[in-house]
Amino acid sequence: MKILSILVFSVCFPVLSYANNVMDNEKTTNNGQIKPYASLKLGYSNTGIKISEPTNKSFTNNTFSFNPAIGLQFDGKLLETFSFRVEAEYLQNTSGDSSNWTIKRQWQTGVTSPYTNHYETRKASINTNIEGLLLNTYADLDVMQIINPYVVFGLGYGKLSQENQLIVDTFHDSPIVNSDSTEYVTYSEKHSKYNMFWQIGVGLSFDITEKWSLNAEYRHINYGSLKLYDLEYKYVANQFLVGARYMF
């Protein structure tokens, strides 16, 4: 996915530069323009992980987000309406910390020998990594001179990866003197899947110069699900981004 993203961006940047030269020479009769741009956004993503029955638990991972993009801005004068943008964006969210939980349970064996009861403690953690490509559409609401709100909707495709680390500590309780025993098991598993993504969000754009602008944005992203054995893990994120955009 990283190699594909690099190839896409390396090909598209020269195309955007060429398109910019053509568009500068072929402005529409109503003075509307189509302007290529590049942007970079960094931020924080709170990814919720919901595990299906019978576990039925919910956890969150705090992840770092890295989102470079290239696109085209269509001036509102072209269609005599608000300005809008279309862009291709690469995203990567990597776990900053793990979701951890502990489950304690006790059960009886039904016999008095050799063990009457078992006591088990399960400690688990989840690390996630999400990367993919999104095609986004922005509606720029040109209601102010310098600061303008916008809304964004995007669809994409990418790789969802998860690593589970599990520690199981089991104590076997026996009525026979010196017959108690303990088992301690630790292991990790890695799983991945390619999913369709979708997102919706709102933001503010701050024009610094004719070419440079700063952005602050909130997004709600659904990454789909990943099935491990008989459990399904669903991933939904709330993302907060800040970044800059440069018009060619």
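In this structure, the side chains of Tyr44 and Asn62 come closer than 4.5 Å at one or more pairs of heavy atoms. Looking at Asn46 and Gln239, their side chains never come closer than 4.5 Å, going by heavy atoms from C-beta outward.
Taking hydrophobic clusters as Ile, Leu, Val, Met, Phe, Trp and Tyr residues chained together by side-chain heavy-atom distances below 4.5 Å, Leu214 shares a cluster with Leu204. Placement of Tyr90 and Leu155 in two distinct hydrophobic clusters is found when ILVMFWY residues are connected by side-chain heavy-atom separations under 4.5 Å, directly or transitively. Criterion: ILVMFWY side-chain heavy atoms under 4.5 Å apart, direct or through other members. Under it, Leu72 and Phe84 are part of a common hydrophobic cluster. Each of Ile221 and Phe153 belongs to its own hydrophobic cluster when Ile, Leu, Val, Met, Phe, Trp and Tyr are linked at side-chain heavy-atom distances under 4.5 angstrom. Hydrophobic clustering, with ILVMFWY side chains joined whenever heavy atoms are under 4.5 angstrom apart, groups Leu40 together with Phe64.
No donor-acceptor pair closer than 3.5 Å links the side chain of Asp207 to the backbone N or O of Thr209. At least one donor-acceptor pair under 3.5 Å links the side chain of Thr63 to the backbone N or O of Ser45. Checking side-chain atoms of Asn195 against main-chain N and O of Tyr223 turns up a donor-acceptor pair under 3.5 Å.
One finds the CD atom of Gln73 at 10.5 Å from the CD1 atom of Ile34 (value rounded to the nearest 0.5 Å). Annotation: the span from Asn67 atom CG to Glu217 atom CD amounts to 8.5 Å, rounded to 0.5 Å. Taking CD1 of Ile208 as the start and OG of Ser213 as the end, the distance is 8.0 Å to the nearest 0.5 Å. Interatomic distance, Lys234 NZ to Asn222 CG, rounded to the nearest 0.5 Å: 9.0 Å. Put simply, OH on Tyr150 and OG1 on Thr137 are 13.5 Å apart, with the number rounded to the nearest 0.5 Å. One distance of note links CD1 of Ile130 with CG of Leu91; it measures 8.0 Å at 0.5 Å rounding.
Ring centroid separation for the pair Tyr246 and Phe248 comes in under the 6.0 Å cut-off.
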- Task: Give the C-alpha distance, both sets of side-chain angles, the deciding distance and a yes or no for side-chain contact (heavy atoms from CB on, under 4.5 Å) between Arg85 and Asp140.
- Result: CA-CA 8 Å; Arg85 289 176 275 144; Asp140 294 305; 2.9 Å; yes
- Message: For a side-chain contact (heavy atoms from CB on, under 4.5 Å) check, start with the C-alpha distance between Met247 and Glu210, then their side-chain angles and the critical distance, and finish with the verdict.
- Response: CA-CA 8 Å; Met247 293 288 184; Glu210 290 185 0; over 6 Å; no
- Task: With side-chain contact (heavy atoms from CB on, under 4.5 Å) as the test, would you mind laying out the steps for Asn238 and His220 before giving the verdict?
- Result: CA-CA 5 Å; Asn238 292 304; His220 177 81; 3.4 Å; yes
- Message: Using side-chain contact (heavy atoms from CB on, under 4.5 Å), reason through Ser225 and Lys227 one step at a time and then give a plain yes or no.
- Response: CA-CA 7 Å; Ser225 62; Lys227 192 168 185 179; over 6 Å; no
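Heavy atoms only, all atoms of each residue included: Glu87 and Tyr138 are closest at OE2-OH, 2.8 Å. What you find for Ser65 and Leu241 is that their closest heavy atoms are CB-CD2, 3.9 Å. Taking both residues in full, the closest heavy atoms of Leu134 and Gly154 are given as CD2-C, 4.4 Å, listed atom of the first, atom of the second, then distance. The shortest non-hydrogen separation linking Tyr37 to Val86 is OH-O, 3.9 Å. The two atoms that bring Glu131 and Phe197 nearest to each other are O-CE1, 4.1 Å, heavy atoms only. Nearest heavy atom pair, residue Thr47 against residue Ala237, reads OG1-CB, 3.8 Å.
For Lys193, the NZ atom sits in a packed shell: over 12 heavy atoms of surrounding residues, nucleotides or ligands are nearer than 6.0 Å.
Between the side chains of Ser205 and Asn148, no donor-acceptor pair of N or O atoms lies under 3.5 Å. Side-chain contact annotation: Gln199 with Asn136, donor-acceptor N/O pair under 3.5 Å present.
Look at Arg219 and Glu89 and you find a salt bridge, because one of the NZ, NE, NH1 or NH2 atoms lies within 4.0 Å of a carboxylate O, short of that distance.
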